[in-house]
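Predicted model only: the values in this text are computed from it and were never measured. Order of the sequence lines sets the chain letters (A, B, ...), proteins ahead of strands, with each chain counted from 1. Atom set for the values below is all heavy atoms of this structure, side chains included, hydrogens, waters and symmetry mates excluded.
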Protein chains: 2
Amino acid sequence: MAHLTASLRHRQGTAFAELGLTPATARALHELDPDRPLPARDLADRLGCDRSNVTALVDRLEQAGLVERRTDPADRRQKTLVVTGDGRGVRDRVTEVMSDSRLLAGLSDTELSTLRDLVWKVSDGGCPEPCDPA
Amino acid sequence: MAHLTASLRHRQGTAFAELGLTPATARALHELDPDRPLPARDLADRLGCDRSNVTALVDRLEQAGLVERRTDPADRRQKTLVVTGDGRGVRDRVTEVMSDSRLLAGLSDTELSTLRDLVWKVSDGGCPEPCDPA
DNA sequence: TATTGTTATACTCTATAACTATA
DNA sequence: TATAGTTATAGAGTATAACAATA
């Protein structure tokens, strides 16, 4: 198990680095909806982390030209996050990496669905929150 | 997959915290041999990280009374790490948590061995080093 | 000269708390 | 007063580089 998670993280981290992203910024980009602006607060919820972290994450995505901040006219406290044209392309690559096509290429369809079932069975027993929801 | 790794890390992190350990110190303690002193350099190799990090990790384990530093008489550059009596008990608990008995309790023996086989098959294709070995 | 452990430093990730501007 | 985003700060984890002691 430890072997699997280490292997997964290492390969994804390397692939993300080639896109100029860290694992956290890659995941943030992945959680954004390319077709609909998302308030920063909602992104924090999706990432399961505090809003304060989203600021730095989006700073870097914005600096890379992948995301834009826009003030919501309806509620001027909110800033919505919009994926740019460049951002869409990079986000697609991130999604590919996350679906682990290379990683799972060695498995047959049957093995793949068996693995998926077992993984779900194992992980469903646990807390759904990745971070402490206190 | 992401769900599984997040769930795993969350549960282990919580269990380690109850032992007064962080994930990294728990893993360091786990990699030590309770019956044979290990040079700090070898611990770094087992953890797949730089020697410089081992210093702080062992500092905390030593402060908690779980590990002792001893200068190797044969090569006075080396300091060997010895697990104390207290350390053995805590290390046993860490090993239990890592074997994930609670996590895997819902699976039958057959399912368990199938899962193990598939996980091995998937992870074997990757780089065995968790960190950048450059 | 090469190696062991340490220190100093930096960057990423994440958490809390205080601040601002809105509402 | 409550909320959204920001800033400041802290700690864990990990990396590189330079250093002292030893080989």
(Q) Just the rounded figure in Å: distance from C1' of D:dT9 to CG of A:Asp50. (A) 13 Å
Q | A:Arg60 vs C:dC13: side-chain N/O to OP1/OP2 distance below 4.0 Å | A | yes
Q.
Please determine whether a side-chain nitrogen of the Lys or Arg among A:Asp45 and A:Arg41 lies less than 4.0 Å from a carboxylate oxygen of the Asp or Glu.
A. yes
Q) Are any non-hydrogen side-chain atoms of B:Leu115 and A:Leu115 less than 4.5 angstrom apart? A) yes
Q | Length of the line joining B:Arg70:CZ and C:dT4:C1', which is rounded to integer Å | A | 19 Å
Q.
So A:Leu19 and A:Arg91, do their side chains get closer than 4.5 Å, heavy atoms only?
A. no
**Q.** A:Arg88 and A:Asp92 ion-paired at < 4.0 Å
**A.** no
Q) The side chain of B:Thr55 lies closest to which of these nucleotides: C:dT6, C:dA15, D:dA15? A) C:dT6
(Q) When you group the ILVMFWY residues by side-chain heavy-atom contacts below 4.5 Å and let the links chain together, are B:Val67 and B:Leu38 in the same group? (A) yes
Q. For the helix from C:dT1-D:dA23 to C:dA23-D:dT1, what is the angle between the axes at its two ends, each from 5 pairs, rounded to 10°?
A. 20°
(Q) Here's a test of your reading of the structure: between A:Ala74 and A:Ala56, which maps to the more 5' nucleotide of DNA chain C? (A) A:Ala56
Q: May I have the distance from B:Leu21 (atom CG) to D:dA12 (atom C1'), rounded to whole angstrom?
A: 14 Å
(Q) Looking at A:Ser52 and C:dT14, is any side-chain donor or acceptor paired with a base atom of the opposite kind under 3.5 Å? (A) no
Q) With respect to the phosphate group of D:dT3, does any side-chain polar atom (N or O) of A:Arg77 fall under 4.0 Å of OP1 or OP2? A) no
(Q) Just the rounded figure in Å: distance from C1' of C:dA17 to CG of A:Asn53. (A) 13 Å
Q. Should B:Asn53 and B:Leu47 count as side-chain neighbours, where that means a heavy-atom distance under 4.5 Å?
A. no
Q.
Would you say A:Lys79 places a side-chain N or O within less than 4.0 Å of OP1 or OP2 belonging to C:dA21?
A. no
Q | Gap between atoms CD and C1', on A:Gln78 and D:dA2 respectively (whole Å) | A | 14 Å
Q) C:dG5 P sits how many Å from B:Asp59 CG, rounded? A) 13 Å
(Q) Under 3.5 Å, is there any donor-acceptor pair linking the side chain of B:Arg76 to the base of D:dT22? (A) no
(Q) With a 4.5 Å cut-off on side-chain heavy atoms, are A:Thr55 and A:Arg69 touching? (A) yes
(Q) Taking any heavy-atom pair under 4.0 Å as a contact, classify A:Thr22: base, sugar-phosphate, or nothing. (A) sugar-phosphate
Q: Report the distance from atom NE2 of A:His10 to atom P of D:dT14, rounded to the nearest whole Å.
A: 13 Å
Q. Nearest of D:dG13, C:dC13, C:dG5 to any side-chain atom of B:Arg51?
A. C:dG5
Q. If you find the nucleotide of DNA chain D closest to B:Thr25 and the one closest to A:Arg69, which residue's nucleotide is nearer the 5' end?
A. A:Arg69
